[in-house]
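Input: a single structure, listed below in structure tokens.
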Amino acid sequence: MRVRIDEIPESGRTLRFHWDEDRLRQFVPTGDPFNLKLLRPVNVVLNLDRRPDLVRITGTIEGALKVSCHRCLGRFQLPLDEPVDIYLVAGERAPKAEEKELAPDELTYEFFDGEVIEVDQLVAEQIFLALPVKVLCREDCRGICPGCGANLNEETCRCKAGGTQSPFAKLKLIKTGLGESTE
Ligand SMILES: [Zn+2]
Ligand SMILES: [Zn+2]
């Protein structure tokens, strides 16, 4: 979706739409490190407020994702509930130094050509910004044993029980105490 600046009335304009998985797919980085799936369409509400030198975009992006844990590769649900508050500034006019200093972290400046807002691009950026660099099914996810491949959240490591795939991995596990754990 694209919105021309001159299509935004003085009183502002609200966009409400859903993103299905096909739409998301178009923006997922190649090799998708998250193995993203949508559990339901993403709800997007964006209020476009035209100001003299910029467009302020507020709203919410809300949905439920299914992703793979970076440590154990287990699939789990990740809620998406992103407030949006972006100042879209025409490209040739970068924010002044003092504005930058005043801007707290949550104040986001983005640049555009001053004529057309690439709404889909913007939504995709917000979704991927919302994802942590390393998604974990839980903070203390114990991951996969590099020796036997056991998911240590669910199974006991089999290396000790005679598995000889990797003596090095076994050594490492004993060292860190993980191999002794019976939890
Ligand atoms: Zn995990
Ligand atoms: Zn193991």
Side-chain angles (χ1 to χ4, degrees), residues 1 15-46 57-88 103-111 118-183:
M1 187 191 297
L15 308 174
R16 285 171 206 276
F17 54 93
H18 296 285
W19 255 28
D20 60 13
E21 200 158 296
D22 285 348
R23 187 62 71 85
L24 185 71
R25 271 299 132 218
Q26 297 169 15
F27 295 94
V28 168
T30 36
D32 181 9
F34 305 101
N35 202 359
L36 272 180
K37 286 265 180 298
L38 291 185
L39 292 173
R40 55 184 165 81
V42 177
N43 282 314
V44 185
V45 179
L46 297 175
I57 303 176
T58 55
T60 51
I61 298 175
E62 186 271 329
L65 309 174
K66 199 148 200 186
V67 294
S68 293
C69 173
H70 279 171
R71 209 174 274 166
C72 71
L73 306 180
R75 301 287 284 162
F76 69 101
Q77 193 174 330
L78 191 71
L80 181 72
D81 193 3
E82 270 305 286
V84 177
D85 193 351
I86 298 168
Y87 289 84
L88 211 55
D105 280 346
E106 61 264 29
L107 206 64
T108 312
Y109 284 99
E110 298 241 357
F111 298 94
E118 300 285 349
V119 177
D120 284 332
Q121 189 64 43
L122 207 111
V123 171
E125 277 169 23
Q126 296 303 304
I127 292 177
F128 291 109
L129 277 177
L131 293 172
V133 179
K134 219 180 170 82
V135 293
L136 296 178
C137 61
R138 56 187 212 218
E139 212 168 308
D140 63 345
C141 169
R142 298 163 74 190
I144 288 176
C145 170
C148 64
N151 180 340
L152 300 174
N153 297 316
E154 292 159 6
E155 329 166 60
T156 316
C157 164
R158 292 181 293 270
C159 296
K160 251 175 85 179
T164 52
Q165 290 95 330
S166 169
F168 178 76
K170 190 174 167 183
L171 198 79
K172 198 172 161 198
L173 280 168
I174 292 167
K175 254 171 128 179
T176 56
L178 272 172
E180 309 296 325
S181 177
T182 49
E183 272 179 79

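Computed over heavy atoms, backbone and side chain alike; hydrogens, waters and symmetry mates excluded. Nothing here was measured: the structure is a model prediction, and the numbers come from that model.
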*Under the side chain to side chain contact (heavy atoms under 4.5 Å, CB included) criterion, do N153 and C141 qualify, and how do the steps go?*
CA-CA 7 Å; N153 297 316; C141 169; 3.4 Å; yes
*asked:* As a quick check of understanding, evaluate salt bridge (charged side-chain N to carboxylate O under 4.0 Å, His left out) for R40 and E21, giving each step before the final call.
replied: CA-CA 8 Å; R40 55 184 165 81; E21 200 158 296; over 6 Å; no
*Step by step, would you call F17 with M1 a side chain to side chain contact (heavy atoms under 4.5 Å, CB included)?*
CA-CA 10 Å; F17 54 93; M1 187 191 297; 3.5 Å; yes
*Output, in order, the C-alpha distance, side-chain angles, deciding distance and verdict of side chain to side chain contact (heavy atoms under 4.5 Å, CB included) for V44 and L15.*
CA-CA 8 Å; V44 185; L15 308 174; over 6 Å; no
*Do T58 and V84 pass the side chain to side chain contact (heavy atoms under 4.5 Å, CB included) test, and can you show the C-alpha distance, the side-chain angles, and the key distance before you say yes or no?*
CA-CA 5 Å; T58 55; V84 177; 5.9 Å; no
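Atom SG of C137 sits about 10.0 Å away from atom CG of L73, to the nearest 0.5 Å. Taking CD1 of I144 as the reference point, atom CZ of R71 lies at 11.5 Å (rounded to 0.5 Å). Here CG of L38 is found 5.0 Å from CG of L24. Values are rounded to the nearest 0.5 Å. With values rounded to the nearest 0.5 angstrom, I61 atom CD1 is found 10.0 Å from D81 atom CG. A distance of 5.0 Å separates SG in C72 from CG in N151, rounded to the nearest 0.5 Å.
Listed here is the closest heavy atom pair of A150 and C157: CB-CA, 4.2 Å.
Side chains of L80 and L131 form no contact here, defined as non-hydrogen atoms less than 4.5 Å apart. Side-chain atoms of V42 and V123, non-hydrogen and from C-beta on, never get closer than 4.5 Å to each other.
For D22, there are no salt bridge (charged side-chain N to carboxylate O under 4.0 Å, His left out) partners two or more places apart in sequence or in a different chain. By the side chain to side chain contact (heavy atoms under 4.5 Å, CB included) test, T60 pairs with V45, sequence neighbours left out. Residues satisfying the ring pair (Phe, Tyr, Trp, His ring centres under 6.0 Å) test with H70, not counting sequence neighbours, are F34. In this view, K66 and K37, L39, R75 satisfy the side chain to side chain contact (heavy atoms under 4.5 Å, CB included) rule, not counting sequence neighbours.
Residue pairs satisfying the ring-ring contact (aromatic ring centres under 6.0 Å, His included) criterion with at least one member in residues 122-142, sequence neighbours excluded, are absent. A side-chain hydrogen bond (donor to acceptor under 3.5 Å, both in side chains) check over residues 118-129, counting only residues at least two apart or in different chains, returns the pairs R2-E118, W19-D120, R23-D120.
The pair E154-R142 fails the salt-bridge criterion, with no side-chain N (NZ, NE, NH1 or NH2) lying under 4.0 Å from an Asp/Glu carboxylate O.
Under the 3.5 Å distance criterion, with hydrogens and angles disregarded, no donor-acceptor pair is assigned to the side chains of R16 and N43.
For D32 (side chain) and L36 (main-chain N/O), a donor-acceptor pair under 3.5 Å exists by modelled atom type.
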